[in-house]
Chemist: 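Take a look at the following structure, please.
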Amino acid sequence: MATAFKPLMPLDEAWSKLRTAVEQHVSGPHGRRQTETLDSVEVLGRVLAQDLVSPVDVPPLDNSAMDGYAVRAADLQQAGQAGAEDTAVSLPQAQRIAAGQVGEALQAGQCARIFTGAPIPEGADAVVMQEHTTADSVTGRVRFNEAVRTGQNIRRRGEDIARGQTVLQAGLRLSPASLGVAASVGAATLAVFKRPRVAVLTTGNELVMPGQSLPRGAIYNSNRHTLRGLAQAVGATVSDLGIVPDKPEATCAALRQAAEQSDLVISSGGVSVGEEDHLRQAVQTEGGLDFWALAIKPGKPFVFGWLNRADGSRALYMGLPGNPVASFVTFLLLARPALSMLGGESWCLPQAVKLEAAFEWPHADRRREFARARLDAQGRVTLYPNQGSGVLTSAAWADGLVDLAPGATVQPGDTVSYLPFSELVQPAAAARMSVQG
């Protein structure tokens, strides 16, 4: 029977369908994202599940921004006045206040030695940095060589965070800085979304694992390592189901097993239209298809659907092409945003950077193309010389992708859209991503 070919789906349409499917999945009764509460020092890279509201002011008291002397500004008003031969004022040092100590009230005509972070004593309204003073250890007086303005070098109570303020919002991917913010308001634990579970399987009778002998006609299974690494890099926990033989029964059995233990099943190979490509039919047997065949290069034979579980719930399914670069690119473009949403983030796609091309692209394609690229010393975009979908060295060499619209040609000096791997090969960082689709 002849295969009926459908028109290739544009990537923007695939993104829209994928977003809708994942949103429905996580909001459904069986797909609701689960949370766990962990020590706040152990949640780097996790997604916050609840808003964090500060129970305290930060800082909790007015404090000194530097080492110096706390004073009453009025006592130093004559310092720096024009026409005076000696503009300096000296005051007796009445006390010494280190960080963590609370000093006595400062009386008029006195100063207090104070250190960075120490609370400002009552009565003081400015801090003079020690570099602008001269201390006399014999007399115990401090000479102030410059005028002072009220409020200088004082960190005000609550100027960073006010009590009752929402300091971290649910859905935030927790960075080192955000963990520091959580600690600054006393959060010992944080509620975070559990990591999405991904099952990875590869298909192909020609595949053998690294470390095994390589028979004639066989190739080493690079996709297993690449996909595992990518899934882990975006924050998922990975179940590795190994190589599945190119047989319908074995394929269905592997999909059933994968669906029971994962939120998203990712396979590579077996999704095209060849006689030995069984995955699409197996997915239809074990679940259903939302779409397949995209108008992108590399990555046309991409499949998205679902797999039924024994309890009536579903796992999501993505069938990636078998060619290593096509598998790599489709993971970045489609699996990564889906996994970010499964892990608790909102739907986010990378925002391309507009840069100058240092390459020629004379042959337009009807599909949207993603070329492996990196920046030269001048910040221009260069291409790997061999853009074949089986040339995985191009992905290892590159530090990003050039997004080429259908029918586009490029000459050196043209502006191109560049997607750096720093935005793609890690969890979606909401502050650096633009919501699209």
Side-chain angles (χ1 to χ4, degrees), residues 10-12 14-15 44-45 173 175-178 222-223 225-227 229-230 232-235 294-300 320-321 323-337 339-340 345 348-437:
L11 180 58
D12 287 338
W15 272 332
L44 179 64
R173 180 78 61 172
S175 67
S178 54
S222 62
N223 283 348
H225 288 66
T226 301
L227 295 178
L230 287 170
Q232 290 168 344
V234 301
L294 303 182
I296 61 173
K297 182 180 180 180
K300 180 180 73 172
L320 279 53
N323 280 323
V325 176
S327 181
F328 177 79
V329 169
T330 51
F331 184 99
L332 298 182
L333 296 177
L334 296 145
R336 188 202 56 80
L339 283 172
S340 293
E345 291 182 295
C348 293
L349 297 175
Q351 185 175 30
V353 181
K354 299 296 184 180
L355 297 174
E356 180 184 345
F359 64 88
E360 182 180 15
W361 191 266
H363 304 296
D365 196 280
R366 290 180 296 176
R367 289 179 282 169
R368 185 172 176 177
E369 296 191 71
F370 293 88
R372 277 74 68 207
R374 71 180 181 190
L375 306 186
D376 65 14
Q378 290 73 44
R380 302 172 303 174
V381 181
T382 61
L383 295 187
Y384 194 77
N386 187 341
Q387 290 288 321
S389 61
V391 183
L392 189 56
T393 48
S394 66
W397 171 90
D399 54 24
L401 301 173
V402 176
D403 184 354
L404 297 160
T409 59
V410 178
Q411 294 296 321
D414 289 350
T415 298
V416 294
S417 296
Y418 179 72
L419 298 171
F421 284 162
S422 60
E423 293 287 348
L424 293 168
V425 193
Q426 54 183 296
R432 299 196 311 273
M433 307 291 275
S434 63
V435 178
Q436 304 177 36

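Throughout, numbering of the chain's residues begins at 1 and tracks the sequence.
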Chemist: Who are the side-chain hydrogen bond (donor to acceptor under 3.5 Å, both in side chains) partners of Ser222, not counting sequence neighbours?
Modeler: none
Chemist: Looking at every non-hydrogen atom in both residues, tell me the closest pair between Val381 and Ala373 and how far apart they are.
Modeler: CG1-CB, 3.7 Å
Chemist: By side-chain contact (heavy atoms from CB on, under 4.5 Å), which residues pair with Glu360, not counting sequence neighbours?
Modeler: Pro362, Gln411, Pro412
Chemist: Could you tell me which residues satisfy salt bridge (Lys or Arg N to Asp or Glu O under 4.0 Å) with Lys300, sequence neighbours excluded, listed by chain and number?
Modeler: none
Chemist: Between atom CG of Leu392 and atom OG1 of Thr226, what is the distance when rounded to the nearest 0.5 Å?
Modeler: 5.0 Å
Chemist: Val416 and Ala357: which non-hydrogen atoms are nearest, and at how many Å?
Modeler: CG1-CB, 3.9 Å
Chemist: Could I get the full list of side-chain hydrogen bond (donor to acceptor under 3.5 Å, both in side chains) partners for Ser175, not counting sequence neighbours?
Modeler: Ser178
Chemist: Could you give the distance from CD (Glu423) to CG (Leu349), rounded to the nearest 0.5 Å?
Modeler: 11.5 Å
Chemist: Could you report the tightest heavy-atom contact between Leu424 and Val234, atom names first, then the distance?
Modeler: O-CG1, 4.4 Å
Chemist: To the nearest 0.5 Å, tell me how far Lys297 NZ sits from Glu369 CD.
Modeler: 5.0 Å
Chemist: Once rounded to the nearest 0.5 Å, what's the spacing between atom OG1 of Thr330 and atom CG of Leu294?
Modeler: 8.5 Å
Chemist: Give the table of side-chain donor-acceptor pairs shorter than 3.5 Å for residues 394-410, with sequence neighbours excluded, one pair per line with atom names and distance.
Modeler:
from	atom 1	to	atom 2	distance (Å)
Ser394	OG	Arg372	NE	3.0
Ser394	OG	Val391	O	2.6
Asp399	OD1	Tyr418	OH	2.2
Asp403	OD1	Arg368	NE	3.0
Asp403	OD2	Arg368	NH2	2.7

Chemist: So which heavy atom on Leu383 is nearest to which on Ala371, and how close?
Modeler: CD2-CB, 3.9 Å
Chemist: Who pairs with Thr393 by side-chain hydrogen bond (donor to acceptor under 3.5 Å, both in side chains), at least two apart in sequence or on another chain?
Modeler: Tyr384
Chemist: How long is the gap from OG1 on Thr415 to CG on Leu355, to the nearest 0.5 Å?
Modeler: 8.5 Å
Chemist: Which atoms form the tightest heavy-atom contact between Leu334 and Ala14, and what is the distance?
Modeler: CD2-CB, 4.5 Å
Chemist: Any salt bridge (charged side-chain N to carboxylate O under 4.0 Å, His left out) involving residues 404-419? Give me the pairs, sequence neighbours left out, ordered by first then second residue.
Modeler: none
Chemist: Contact between Asp376 and Phe359 at the side-chain level, heavy atoms closer than 4.5 Å - yes or no?
Modeler: no
Chemist: Looking at every non-hydrogen atom in both residues, tell me the closest pair between Ser389 and Asn323 and how far apart they are.
Modeler: OG-ND2, 3.2 Å
Chemist: Determine, step by step, whether Phe370 and Phe328 satisfy the ring pair (Phe, Tyr, Trp, His ring centres under 6.0 Å) criterion, reporting the C-alpha distance in whole Å, the side-chain angles of both residues, the deciding distance to 0.1 Å, and the verdict.
Modeler: CA-CA 11 Å; Phe370 293 88; Phe328 177 79; over 10 Å; no
Chemist: Using the test salt bridge (Lys or Arg N to Asp or Glu O under 4.0 Å), find all partners of Arg367 that sit at least two apart in sequence or belong to another chain.
Modeler: Asp365
